[in-house]
Amino acid sequence: KAGVTQTPRYLIKTRGQQVTLSCSPISGHRSVSWYQQTPGQGLQFLFEYFSETQRNKGNFPGRFSGRQFSNSRSEMNVSTLELGDSALYLCASSLMPGGNTEAFFGQGTRLTVV
Amino acid sequence: QQQVKQSPQSLIVQKGGISIINCAYENTAFDYFPWYQQFPGKGPALLIAIRPDVSEKKEGRFTISFNKSAKQFSLHIMDSQPGDSATYFCAATFTGTASKLTFGTGTRLQVTL
């Protein structure tokens with residue numbers, strides 16, 4: 001069974017640009033969550049999608065958005081990039097929504113904003 | 001409060017020793033406490049999880065101890081091996097489709113020969 005696939009693995013963007021990250025969940029999983037991981041803040045929840053609907057949202061500015069497609073694949077978008085957005089962005093998939101079902105993480109997308 | 005406090009930040013243990021990582025939480029609504037293991041360049045992977053109806057759960061060399069009254073839980077790695085060297089995150093959440101994992105800040109474990 002294939003795991004969670006995140007693309008691209010690495011990205012370098014300039015301040016002010018926008019970026020789109022992609023996540024393909026494990027087959028059969030309909031819930032996708034996104035997390036930002038930084039050395040200073042650790043793992044912080046961005047949002048969760050289930051059946052193409054955003055079910056939960058973390059405390060991030062509106063520049064961070066996401067969506068989920070009918071095949072459960074998800075994308076997250078960050079507009080007007082800031083230096084502080086440099087981080088590892090992790091996607092996790094699970095069968096059902098909510099934090100208390102086992103979440104399987106992808107390897108992440110390392111975003112560097114210069 | 002959604003915070004989960006984790007300590008220590010880093011830990012060095014000799015091979016064969018016991019590694020102990022502690023976490024404390026504030027939200028009494030939390031009822032699911034997983035531990036994740038992350039190797040460099042990889043995403044976190046679920047290691048073991050516990051619910052507050054038990055005080056201890058053991059899977060192989062990994063044990064979670066849970067103290068509901070103190071709102072604390074800990075991970076014990078027995079007979080630590082160099083292959084256990086990784087960053088460990090505790091997390092907490094509550095039952096419900098709108099819940100999310102709240103992570104501790106992580107502990108970098110190094111097991112030396």
Side-chain angles (χ1 to χ4, degrees), chain A residues 2-10 21 23-26 29-51 53-60 66 87-110, chain B residues 1-10 21 23-25 27-54 57 59 64 66 73 86-108:
Chain A
V4 179
T5 303
Q6 291 189 246
T7 56
R9 289 291 313 278
Y10 303 92
L21 313 181
C23 172
S24 293
I26 292 172
H29 285 195
R30 294 163 59 196
S31 175
V32 173
S33 299
W34 289 89
Y35 292 82
Q36 182 195 64
Q37 185 175 22
T38 59
Q41 299 295 319
L43 281 150
Q44 302 226 297
F45 173 80
L46 281 156
F47 27 66
E48 178 181 31
Y49 287 86
F50 179 76
S51 293
T53 302
Q54 187 180 88
R55 298 297 296 263
N56 203 350
K57 190 177 189 304
N59 190 24
F60 279 82
L88 180 67
Y89 289 89
L90 291 160
C91 159
S93 81
S94 56
L95 278 169
M96 295 298 292
N100 62 338
T101 56
E102 184 173 359
F104 296 82
F105 284 83
Q107 291 187 286
T109 294
R110 172 76 61 186
Chain B
Q1 287 287 347
Q2 297 287 312
Q3 196 175 13
V4 176
K5 295 182 180 179
Q6 183 171 348
S7 64
Q9 192 172 19
S10 62
I21 304 170
C23 284
Y25 63 97
N27 189 340
T28 55
F30 286 152
D31 61 1
Y32 178 68
F33 303 88
W35 284 88
Y36 282 82
Q37 179 188 55
Q38 185 177 28
F39 293 103
K42 302 288 188 182
L46 179 64
L47 192 60
I48 185 173
I50 196 169
R51 295 188 186 275
D53 52 343
V54 296
K57 183 174 181 180
E59 289 184 3
I64 299 179
F66 185 83
F73 58 110
T87 299
Y88 293 81
F89 294 92
C90 62
T93 188
F94 54 88
T95 300
T97 56
S99 65
K100 61 177 178 69
L101 286 168
T102 298
F103 285 89
T105 50
T107 296
R108 182 171 291 184

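Numbered from 1 within each chain, the chains take letters A, B, ... in sequence-line order.
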Engineer: Nearest 0.5 angstrom please: B/Leu46 CG to A/Phe105 CZ, how far?
Structural biologist: 9.5 Å
Engineer: Pick one of side chain, backbone, both or neither for B/Phe33, based on which atoms fall under 4.5 Å of a heavy atom in chain A.
Structural biologist: neither
Engineer: Just wondering, more than 12 heavy atoms not from A/Arg9 lying within 6.0 Å of its CZ?
Structural biologist: yes
Engineer: Got more than 12 heavy atoms from elsewhere within 6.0 Å of CG, B/Asp53?
Structural biologist: yes
Engineer: Measure distances from A/Ala103 to the heavy atoms of chain B and classify the residue's part below 4.5 Å as side chain, backbone, both or neither.
Structural biologist: both
Engineer: With chain A, which of B/Gly106, B/Ala91, B/Gly41, B/Pro44 has the greatest number of heavy-atom pairs at distances under 4.5 Å?
Structural biologist: B/Pro44
Engineer: Chain B heavy atoms under 4.5 Å from A/Phe50: which part of the residue, side chain, backbone, both or neither?
Structural biologist: neither
Engineer: Near B/Gln9 CD, under 6.0 Å, is it more than 12 heavy atoms from other residues, nucleotides or ligands?
Structural biologist: no
Engineer: Within this structure, what is the NZ-NZ distance for the pair B/Lys100 and A/Lys57, rounded to the nearest 0.5 Å?
Structural biologist: 12.0 Å
Engineer: Scan the side chains in residues 38-47 of chain A for donor-acceptor partners under 3.5 Å anywhere in the protein, sequence neighbours excluded, and list what turns up.
Structural biologist:
unit_1: A/Thr38; atom_1: OG1; unit_2: A/Gln41; atom_2: N; d: 3.1

Engineer: Name the region of A/Arg110, side chain, backbone, both or neither, that has any atom closer than 4.5 Å to a heavy atom of chain B.
Structural biologist: neither
Engineer: With rounding to the nearest 0.5 angstrom, report the OG to CG distance, A/Ser94 to B/Leu101.
Structural biologist: 9.0 Å
